[in-house]
Amino acid sequence: MTKYRTHNCAELTSKNNGEIVDLSGWLHKKRDHGNLLFLDLRDNYGTTQCIIEKDQPFFKELEKMQLESVLKINGLVSQRSKETINRELKTGEIEVIIKSYEVLGTCKELPIPVFSDQEYSEEIRLKYRFLDLRRKKIHSNILLRSKVISFIRDEMNKLGFLEFQTPILTSSSPEGARDFIVPSRLNPGKFYALPQAPQQFKQLIMVSGFDKYFQIAPCFRDEDARADRSPGEFYQLDLEMSFVEQEDVFEVVEKLLNKVFKKFTDKKFLYEKFPRISFKNAMLKYATDKPDLRNPLEIHDLTSVFKRDDVKFEIFKRLVKSGSIVRAIVTKNTSDKPRSFFDNFDKWAKSEGASGLAYFSFEKNKNIEAKGPVGKLFSPESLNEIMKITGANIGDSIFFSCDKETNVLQLMAPARDKIGEELNLIDKNVFAFCWIVDYPMYETDKNTGKIKFSHNPFSMPQGNEKDIDFKNPLNIKAYQYDIVCNGIELSSGAIRNHKPELMYKLFEIAGYKKSEVDEKFKGMINALSFGAPPHGGIAPGIDRIVMLLAGEKNIREVTLFPMNQNAQDLMMNAPSEIHDKQLKELNILIKKK
RNA sequence: GGGGGUGUAGCUCAGUUGGUUAGAGCGAUCGCCUGUCACGCGAUAGGUCGCGGGUUCGAGUCCCGUCACUCCCGCCA
């Protein structure tokens with residue numbers, strides 16, 4: 001009980017019948033019957049119907065009251081008659097007969113209504129975010145986010161993890177995403193960077209002997225936005241453990257995610273134990289390392305079929321001869337679908353920038369036949385071969401694409417989603433988690449052709465140190481893993497390399513001299529040479545977890561005050577210019593355009 | 001940096017083949033209404049059709065440019 005209220009707007013029931021109460025909240029909705037006025041008063045907890053009749057002197061004032069004004073209402077709790085009870089409202093058994101009221105906060109005419117399920121443009125929502133956040137759906141998303149974070153914190157504590165804060169002003173890192181830069185006043189010409197993740201710090205915490213660490217860590221990356229990627233900043237459940245192997249990290253994360261997802265949704269898990277899929281297999285079967293396993297479609301390699309003499313598909317055969325590959329998706333019992341069904345996928349593929357998506361269906365008359373524009377280019381024997389490779393049957397159809405490997409993967413990954421979606425194969429009521437494991441340590445840089453780290457340079461290579469094939473670095477796999485849910489990458493993690501000598505060797509392969517490594521990763525390398533424990537960790541994205549739990553496709557729906565796609569905050573007007581005085585203090589000159 | 005979509009009243013949208021005075025719902029304002037909970041009924045106000053240029057007798061509609069928002073590619077160890 002405070003000066004402003006004896007109860008909140010979700011509390012009153014028939015038990016309170018006859019009590020005099022104070023409620024404070026926003027004027028959510030009015031229903032004006034001329035001589036009788038209903039007012040819904042709303043706060044964070046719920047709404048309560050308040051009522052006033054014409055004989056009250058301030059009836060006219062309340063009748064004209066602007067919605068979203070903040071009111072304190074003093075009144076009598078009154079049991080509603082049976083016919084007028086509202087079962088959809090917690091407080092629907094009663095109403096409050098207004099005896100007096102006070103305006104605590106006036107409200108101008110609203111740019112967007114709060115009471116509405118309509119959708120509004122991002123621009124206006126972000127500009128008036130405080131109004132937008134009063135609306136039911138997003139308000140409950142943000143409440144959910146708060147609860148999820150508290151729950152995670154609690155569970156992590158129970159699992160024996162210690163919560164620490166790491167610096168926000170740190171040094172720019174040469175690897176990874178673009179940094180946000182902060183100029184240093186005391187060190188003219190030098191800059192801090194905001195952390196892309198507390199990566200090096202969490203490893204240093206392990207070297208410092210704290211054994212298990214976690215943090216709900218803000219991470220800053222100056223990269224362009226996507227629907228599931230905020231520009232600028234996001235939060236990770238950052239965690240790291242000492243004296244563990246990959247499976248030990250998996251056990252903790254599976255346990256945690258199980259608890260979190262079961263606590264906050266009713267949706268089932270497709271797999272209780274998260275399947276482990278090697279990077280190589282994922283790329284083959286799903287053409288991506290973040291597959292949506294709710295989708296049962298799998299991709300098959302048909303390159304060998306196009307080397308057969310009884311296949312007359314000359315365009316593809318020529319491409320295959322010059323190094324292209326063929327990958328295919330089979331759809332069950334679709335041979336009866338109209339021509340437009342198939343052509344639409346071809347059209348779609350072209351709109352994605354591919355040369356198209358070829359197709360045919362398997363039919364049987366005397367022999368096995370392929371029905372479709374390119375069907376007669378395949379002999380019955382070759383069709384048999386395709387059926388053997390893909391598991392296709394008579395009545396099924398096949399979509400295939402031929403191009404350089406990177407292009408084929410780039411087409412087949414979204415094609416698998418698209419076809420699965422069109423055929424309604426994706427069960428929206430499940431969560432399908434999986435681990436992607438055995439990432440390669442290195443890859444070839446597309447632009448320079450040189451060998452570079454494919455993920456985190458601090459990851460531990462797999463295998464006994466003596467047996468690692470340093471001569472063929474592209475064959476080296478790392479203890480590097482991702483966790484994926486419903487096609488969304490939740491996080492990456494790794495068992496770290498805690499051996500300085502091995503690290504020098506690995507950096508050398510990526511073209512770094514010892515002196516360069518010493519210079520760029522001085523703190524880290526130095527720490528590892530004073531007795532570092534084997535350790536590893538992971539960092540699931542909090543925003544994406546909440547997105548999945550809330551069933552939202554856009555990260556802004558679970559973020560209190562997000563920036564727009566151009567990394568601007570329209571409400572606070574950020575970024576903005578600063579005064580000359582500030583620039584001068586920082587020794588910064590702005591280049592005039 | 002590149003590609004797609006959108007931009008019309010405060011908000012959400014419609015607007016036909018280029019043709020008279022650009023419409024609807026919600027909201028606002030005014031009036032009527034004692035049981036609503038998306039209350040109902042009637043009226044009124046509200047428009048630089050994102051912006052600039054062009055074609056045309058005539059442009060919300062066609063063309064060129066530009067800006068904003070959004071989705072995607074690149075980017076995101």
Side-chain angles (χ1 to χ4, degrees), chain A residues 28-42 47-55 59 63-64 66-68 78 80-89 91-92 95 107-128 131-132 135 173-179 196-197 199-200 219-232 234 290 351-354 407 410-411 414 439 441-443 445-447 452-459 478 480 482 489 492-494 510 520-521 539 541 553-554 556 563-566 568 570:
Chain A
H28 187 60
K29 190 72 188 161
K30 283 181 294 192
R31 287 175 298 281
D32 187 355
H33 289 239
N35 293 312
L36 174 71
L37 175 64
F38 296 100
L39 302 168
D40 291 339
L41 199 68
R42 182 199 74 240
T47 60
T48 301
Q49 174 166 284
C50 304
I51 184 168
I52 179 172
E53 296 195 11
K54 194 158 195 171
D55 50 7
F59 181 89
E63 207 178 20
K64 299 292 169 225
Q66 168 69 45
L67 294 183
E68 293 305 310
S78 160
R80 294 198 203 181
S81 69
K82 232 178 207 163
E83 320 82 67
T84 59
I85 286 175
N86 184 346
R87 297 275 166 218
E88 297 189 357
L89 223 54
T91 59
E95 57 200 4
C107 180
K108 297 197 284 190
E109 192 181 329
L110 295 166
I112 51 169
V114 171
F115 173 71
S116 169
D117 293 330
Q118 234 165 36
E119 299 209 23
Y120 300 94
S121 75
E122 291 285 334
E123 197 173 359
I124 197 137
R125 287 183 62 193
L126 294 186
K127 187 168 172 194
Y128 296 99
L131 289 178
D132 191 37
R135 297 171 63 218
S173 60
E175 296 278 326
R178 206 174 288 116
D179 284 317
Q196 295 180 22
Q199 179 62 39
Q200 294 194 46
C219 302
F220 305 91
R221 294 178 192 174
D222 187 5
E223 298 294 349
D224 289 354
R226 288 290 182 277
D228 63 351
R229 202 165 85 202
S230 292
F234 61 97
K290 37 181 182 178
S351 75
E352 293 281 297
N407 295 337
Q410 207 161 14
L411 178 67
Y439 276 86
M441 190 87 206
Y442 299 99
E443 63 188 12
D445 190 309
K446 269 174 268 168
N447 305 318
K452 64 166 193 176
F453 288 109
S454 66
H455 271 77
N456 188 331
F458 301 126
S459 297
Q480 165 88 42
D482 277 12
E489 183 193 319
S492 294
K520 282 175 176 158
F521 305 103
K553 284 204 171 76
N554 194 300
R556 288 185 296 271
M563 295 198 282
N564 69 11
Q565 195 164 44
N566 295 320
Q568 299 160 339
L570 299 176

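So that the names make sense, note that chain A is the first sequence line, chain B the second, and so on, each numbered from 1. Note that these values count all heavy atoms, side chains included, but never hydrogens, waters or copies made by symmetry.
- A donor-acceptor contact under 3.5 Å links the side chain of E95(A) to the base of rG35(B).
- R221(A) contributes no side-chain N or O that forms a donor-acceptor pair with the base of rC76(B) under 3.5 Å.
- The distance between atom CD1 of I124(A) and atom C1' of rC69(B), rounded to the nearest whole Å, is 12 Å.
- Nucleotide rA24(B) forms a Watson-Crick or G-U wobble pair with rU12(B), both donor-acceptor distances falling under 3.5 Å.
- Contact annotation for N564(A): backbone-only contact, meaning every heavy-atom pair under 4.0 Å involves sugar-phosphate atoms and none involves a base.
- Between F115(A) and H28(A), the angle of the ring planes goes over 60°, which puts this pair in the perpendicular group of the 30/60° scheme.
- In the set rC75(B), rC11(B), rU36(B), rU36(B) carries the atom at the smallest distance from any side-chain atom of T84(A).
- Annotation for K30(A): atom NZ counts as buried by contact number, over 12 foreign heavy atoms lying within 6.0 Å.
- Atom CZ of F115(A) and atom C1' of rC26(B) are 11 Å apart (whole Å).
- Using a 4.0 Å heavy-atom distance criterion, Y120(A) is classed as a sugar-phosphate-only contact.
- Phosphate proximity of rC71(B) to N554(A): present, with a side-chain N or O under 4.0 Å from OP1 or OP2.
- Between the C1' atoms of rG7(B) and rU61(B), the separation comes to 15 Å (whole Å).
- Here the C1' atom of nucleotide rU29(B) and the CG atom of L110(A) are 15 Å apart, to the nearest Å.
- Taken to the nearest 0.5 Å, the CD atom of E95(A) stands 11.0 Å off from the CG atom of N86(A).
- Note on N86(A): every side-chain N or O is 4.0 Å or more away from OP1 and OP2 of rC37(B).
- Separation of the P atoms belonging to rC37(B) and rC26(B) is 15 Å when rounded to the nearest angstrom.
- Rounded to the nearest Å, the gap between the P atom of rC49(B) and that of rC30(B) is 29 Å.
- An OP1 or OP2 oxygen of rC13(B) is reached within less than 4.0 angstrom by no side-chain nitrogen or oxygen of Q118(A).
- The nucleotide rG1(B) finds its pairing partner in rC73(B), both defining distances of the Watson-Crick or G-U wobble pair being shorter than 3.5 Å.
- For P113(A), whose side chain is taken as the heavy atoms from C-beta onward, the closest listed nucleotide among rC72(B), rC11(B), rC75(B) is rC11(B).
- For the C1' atoms, the distance linking rU29(B) with rG46(B) amounts to 10 Å, nearest Å.
- Remark: the separation of the C1' atoms in rU21(B) and rG65(B) is 32 Å, to the nearest Å.
- Judged by distance alone, with hydrogens and angles left aside, the side-chain atoms of N456(A) form a donor-acceptor pair with the main-chain N or O of F458(A) at under 3.5 Å.
- Within the nucleic acid shown, S454(A) comes within 4.0 Å of sugar-phosphate atoms alone, with no base atom in reach, counting heavy atoms only.
- Distance check on atom P: rG10(B) versus rU36(B) gives 35 Å, rounded to whole Å.
- The listed nucleotides are rA28(B), rC75(B), rU70(B); the one nearest the side chain of E109(A) is rA28(B).
- Computed from coordinates, the L131(A) CG to rG10(B) P distance equals 17 Å when rounded to whole Å.
- Q199(A) has its CD atom 9 Å from the C1' atom of rA77(B), to the nearest Å.
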Practice task
Let me see the working for R135(A) and Y120(A) under side-chain contact (heavy atoms from CB on, under 4.5 Å), right down to the final yes or no.
Solution key: CA-CA 12 Å; R135(A) 297 171 63 218; Y120(A) 300 94; 3.4 Å; yes
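- Atom CZ of F234(A) and atom P of rC76(B) are 13 Å apart (whole Å).
- No donor-acceptor contact under 3.5 Å links the side chain of R125(A) to the base of rC11(B).
- Looking at every heavy atom in both residues, T47(A) comes nearest to T91(A) through O-OG1, 2.7 Å.
- Taking side-chain N and O atoms only, Q565(A) has a distance below 4.0 Å to OP1 or OP2 of rC71(B).
- Side-chain to base pairing of R80(A) with rC37(B): one donor and one acceptor N or O lie within less than 3.5 Å of each other.
- Backbone-only contact: K29(A) has heavy atoms under 4.0 Å from sugar-phosphate atoms and none from a base.
- For the P atoms, the distance linking rG53(B) with rA59(B) amounts to 13 Å, nearest Å.
- Taking a pair to require two hydrogen-bonding distances under 3.5 Å in either a Watson-Crick or a G-U wobble arrangement, rA45(B) remains unpaired.
- Taking side-chain N and O atoms only, K30(A) has no distance below 4.0 Å to OP1 or OP2 of rG40(B).
- rG7(B): Watson-Crick or G-U partner is rC67(B), with both key distances under 3.5 Å.
- The side chain of K127(A) places no N or O atom within less than 4.0 Å of a non-bridging phosphate oxygen (OP1 or OP2) of rA68(B).
- Side-chain N/O atoms of R226(A) include one lying less than 4.0 angstrom from OP1 or OP2 on rC73(B).
- Here, rG40(B) and rG60(B) have their P atoms 35 Å apart, quoted to the whole Å.
- Rounded to a whole Å, the CZ atom of F521(A) is 13 Å from the P atom of rA77(B).
- Atom-to-atom, CD of E443(A) to P of rA77(B) comes out at 11 Å; the value is rounded to the nearest Å.
- R556(A) has no side-chain polar atom (N or O) that falls below the 4.0 Å cut-off from OP1 or OP2 of rC69(B).
- Within the 4.0 angstrom heavy-atom criterion, only backbone atoms of the sugar-phosphate kind lie near N566(A); the bases stay farther away.
- Looking at E68(A) and K108(A), no side-chain N of the basic residue comes within less than 4.0 Å of a carboxylate O on the acidic one, giving no salt bridge.
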Exercise for the section: Give the intermediate values and the outcome of salt bridge (charged side-chain N to carboxylate O under 4.0 Å, His left out) for residues D40(A) and K29(A). Expected result: CA-CA 5 Å; D40(A) 291 339; K29(A) 190 72 188 161; over 6 Å; no
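- If you find the closest nucleotide of RNA chain B to Q49(A) and to E123(A), the one lying nearer the 5' end belongs to Q49(A).
- One cannot find a donor-acceptor pair under 3.5 Å joining the base of rU12(B) and the side-chain atoms of E119(A).
- Counting atom types as modelled, E122(A) pairs no side-chain N or O with a base atom of rU70(B) as donor and acceptor under 3.5 Å.
- In this structure, the separation between CZ on R221(A) and CZ on R178(A) is 13.0 Å, given to the nearest 0.5 Å.
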